[in-house]
Engineer: 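For reference, the structure I am asking about is given below.
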Amino acid sequence: MREISGEFLHAEITRMGSIVVQTWIYHPSGILLHAPGDVLTAEHAAAFAPSVLDRVLLQEVTEERKAIRDGLGVALVSLGAVKAEDILAEEVTAGRVRLKAGTALDAAVVESLTKEKVLSVPVCRGATPASIKWARTYLEAVPQAPVKMIRPDPLAAAATTSAWALLTPRAKVMAVFPDDMARLRIVNAVVAAGHEVIEVKAFGDALAAAKAQRPDAVLVPPEGAIQICDDLRRKGETLRSIVICVTGDAAKLATIGPKAIEAGANDVLQQPATPGLLADRIRCWMRLRNKVVAVPPSVAKDRRQAERRAAAMTLRLADSGGGKSPVTTATLLEFSDGGLRLEYGLLEPPDPGHYRPHGVHPGHALFAYAKENKLGRDIIFTLTGKDVPTFESRGRFTHILLQPGSERVGVCFLKAHPGAAERVTTIQRKPMG
């Protein structure tokens, strides 16, 4: 059982537009608020505000519901033993009678259940009147969300490690790329699709990371695919992992790709590919393993149309040498443990010749902070915000893209920060450009 705050749910719904619940969400009183498959939309966000609901409990995939109910004081009571002050802990459906959680078991309700030959009902025992009133206020204000999608196969789902994973269907993807810039692009594309990313820099570390993290999919360049597939398929215990070979060199893919397939790779994909194409490949392979890692089209449409919450964090840039950086503030687009993407207004009228598809042009004003500039300086990135731990790191720009009225920049941190991305849950996410 994992406890999270109502403010966390409020932030996730407003940030994502809608959330597909992957577990059971209980009120501390024992009343079931939502079940797997429920879709929490913007209409639910206000009800999860801290002033309405301060905390909820989430059941993890490895826990038994009966043990959870017993721990919350929920008892299965016969109709004859029901008390006037008892409250339904879960929804009860029998014949034409449908009673949602939080319903008071008064005489009229008990009579209707008796006519439908209901023998027992789950009730809250041990909960205080104030906590029961709290849960009923939420359930009366916002009807229970309709079931929209199935729950992923429990046998294929590993124990979860974060509350966010219990709320949004996603895959665990391991990106094994020695080149920082290539890895950053892959990480940004995978994170934009809502998946969890494990970053590995050395091919030799892939097997140990796969055993420890148990990824659903492994993304690797052709030159490392043969070694990694050999480790995973012959030496390791991770046969269930899907291996996708990714490269931007067509000639290399043509020569090494078939060998990678023979070694055990499942798929090859040539870059540059849109983030949507990479997400489609991951989703298709996961469905073959009976695991859902995408929301239904109706929910995706809701997310596109729903108003997003403004970023609750401030991103500031500073020259590590004490000088003044040409860019001091920016909008955060994507965040990972190894880097980030940001957007800012144009420094000056752009010169089309000062842009490269995969790097920072020497004529650009930010080349002094470019990764390929050996004589350049680091730039310090600082994230601050309300109720969010302060984050600071040094990094270098890996590429700069010209956008209408702005520039988008990829950043690679000088040192990876494992777990840093999970602490940032209120940033504004935008589609990858």
Engineer: Is there a side-chain contact between Pro122 and Arg69 in this structure, where contact means two heavy atoms from C-beta onward sitting under 4.5 Å apart?
Structural biologist: no

Engineer: Any donor-acceptor pair under 3.5 Å linking the side chain of Asp216 with the backbone of Val173?
Structural biologist: no

Engineer: Working to the nearest 0.5 angstrom, can you tell me the gap between Thr93 OG1 and Arg98 CZ?
Structural biologist: 5.5 Å

Engineer: Thr398 side chain to Cys412 main-chain N or O, any donor-acceptor pair under 3.5 Å?
Structural biologist: no

Engineer: For the residue pair Gln213 and Met174, establish whether any side-chain heavy-atom pair is separated by less than 4.5 Å.
Structural biologist: no

Engineer: For a 4.5 angstrom cut-off between non-hydrogen side-chain atoms, does Leu99 reach Leu113?
Structural biologist: yes

Engineer: Considering all heavy atoms of both residues, which atom of Ile31 and which atom of Cys124 are nearest to each other, and what is their separation?
Structural biologist: CG1-SG, 3.4 Å

Engineer: Do the side chains of Lys66 and Leu76 get nearer than 4.5 Å, heavy atoms only?
Structural biologist: no

Engineer: Do other residues, nucleotides or ligands put more than 12 heavy atoms under 6.0 Å from Arg125 CZ?
Structural biologist: yes

Engineer: If you look at every heavy atom in Val74 and Gly30, which pair is closest and at what distance?
Structural biologist: CG2-O, 3.5 Å

Engineer: Tell me, with the steps shown, if Leu414 and Arg396 meet side-chain contact (heavy atoms from CB on, under 4.5 Å).
Structural biologist: CA-CA 7 Å; Leu414 300 185; Arg396 292 287 188 94; 4.1 Å; yes

Engineer: Check whether any side-chain heavy atom of Leu317 lies under 4.5 Å from a side-chain heavy atom of Phe381, and answer yes or no.
Structural biologist: yes

Engineer: Will you find, in the side chains of Asn266 and Trp285, an N or O donor that is under 3.5 Å from an N or O acceptor?
Structural biologist: no

Engineer: Could you grab the distance from atom CZ of Arg341 to atom CG of Leu332, nearest 0.5 Å is fine?
Structural biologist: 11.0 Å

Engineer: For Glu407 and Leu346: C-alpha separation, side-chain torsions, deciding distance, then whether side-chain contact (heavy atoms from CB on, under 4.5 Å) applies.
Structural biologist: CA-CA 6 Å; Glu407 291 178 339; Leu346 291 175; 3.3 Å; yes

Engineer: Would you say that Cys229 contacts Ile261 through its side chain, given a criterion of any heavy-atom pair below 4.5 Å between the two side chains?
Structural biologist: no

Engineer: Is there side-chain contact between Tyr26 and Leu72, with at least one heavy-atom pair below 4.5 Å?
Structural biologist: yes

Engineer: Hey, could you give me the CG/CD distance between Leu32 and Gln59, rounded to the nearest 0.5 Å?
Structural biologist: 9.5 Å

Engineer: Nearest heavy-atom pair of Ser406 and Tyr344: which atoms, and what distance?
Structural biologist: CB-O, 3.2 Å

Engineer: Please identify which of these residues, Val360, Val327, Asp319, meets the side chain to side chain contact (heavy atoms under 4.5 Å, CB included) condition with Tyr369.
Structural biologist: Asp319

Engineer: State, to 0.1 Å, how close Ser29 and Ser131 come at their nearest heavy-atom pair, and which atoms those are.
Structural biologist: CB-OG, 3.6 Å

Engineer: Would you check, one step at a time, whether the test side-chain contact (heavy atoms from CB on, under 4.5 Å) holds for Arg281 with Leu219?
Structural biologist: CA-CA 11 Å; Arg281 291 291 181 93; Leu219 304 180; over 6 Å; no

Engineer: Are Val109 and Val97 side-chain neighbours, meaning at least one heavy-atom pair lies under 4.5 Å?
Structural biologist: no

Engineer: What is the minimum heavy-atom distance between Ala94 and Val118, and which atoms define it?
Structural biologist: CB-CG2, 3.4 Å

Engineer: Could you give the distance from CG (Asp86) to CG (Asp106), rounded to the nearest 0.5 Å?
Structural biologist: 11.5 Å

Engineer: Which heavy atom of Leu342 sits nearest a heavy atom of Ala330, and at what distance?
Structural biologist: CD1-CB, 3.7 Å

Engineer: Nearest 0.5 Å, please: how far is NE2 in His34 from CG in Leu58?
Structural biologist: 10.5 Å

Engineer: Any chance you could measure Ile400, atom CD1, to Leu366, atom CG, to the nearest 0.5 Å?
Structural biologist: 4.5 Å

